[in-house]
> 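Right, I'll just put the structure down here and ask away after.
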Amino acid sequence: MFGIGLPELIIIMVIALIVIGPSKLPDLAKALGKGMAEFRKATQEIKDSLDLDEDIEEVKKDLVDSISGLDEPVDLPELEKQGEQESKYNDFDEVLADYEKSKEEAEPSGQKEEETSAEEIKKDE
C-alpha cells in the first residue's frame, strides 16, 4: 500500500476513533468507501475514453492509407498551391498544337515519309 504496516494502521484507527467518535466512524468509512469507488469509476472511464481515441486514430490512419495509398493524409494547402500555378497554355488551340507536335516527334520517320507521299499523290490527282 503506502508502506503502512499493521501497527501504524492500528494507531491511525485508534486516533480516528478518538477524534471522530464511535457513532460517526462507520458513516465516515462508508462515505470514504463511496468516494474511492467513484474515483476508481471516473479514472476507468478516462482510461476507456483514451483507448477509444487511440482506436479512432488508428482507424482514421488506415482509412486514409487505403483511400489515398499514402501513409499520411495529403495537406490541403499543398493542393491549393498546385491549383494556383499558371498554365503553360493560354487556350485550347495551343494545347492541340503541342499535342500534334509531340505526336509527330514520337512517330518513326518512315511513317512520316509514307504519309507525306500519300498526301502528295492525292494533291497531284
> Could you list the residues that satisfy side chain to side chain donor-acceptor pair (under 3.5 Å) with Asp51, not counting sequence neighbours?
none

> Is there a path of hydrophobic side-chain contacts, each under 4.5 Å between heavy atoms of I/L/V/M/F/W/Y residues, joining Ile18 to Ile10?
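In one cluster: yes.
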
> Measure across Ile20 and Leu28 and return the closest heavy-atom pair with its distance rounded to 0.1 Å.
CD1-CD2, 2.9 Å

> In terms of hydrophobic clustering (I, L, V, M, F, W, Y; side-chain heavy atoms under 4.5 Å; direct or indirect links), are Val14 and Leu6 co-clustered?
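Yes, because Val14 and Leu6 connect within a single hydrophobic cluster, where side-chain heavy atoms sit under 4.5 Å apart.
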
> Please list, chain by chain and in numerical order, all residues satisfying side-chain contact (heavy atoms from CB on, under 4.5 Å) with Ile15, sequence neighbours excluded.
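In terms of side-chain contact (heavy atoms from CB on, under 4.5 Å), with neighbours along the sequence ignored, Ile15 is linked to Ile11, Val19.
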
> Write out all pairs satisfying side chain to side chain donor-acceptor pair (under 3.5 Å) with one or both partners inside residues 36-50, taking only residues at least two apart or from two chains.
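Found Gln44-Asp48.
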
> How many angstroms lie between CG in Leu96 and NZ in Lys103, if you round to the nearest 0.5 Å?
11.0 Å

> Can you name the nearest heavy-atom pair linking Leu17 to Pro22, along with the distance?
CD1-CA, 3.7 Å

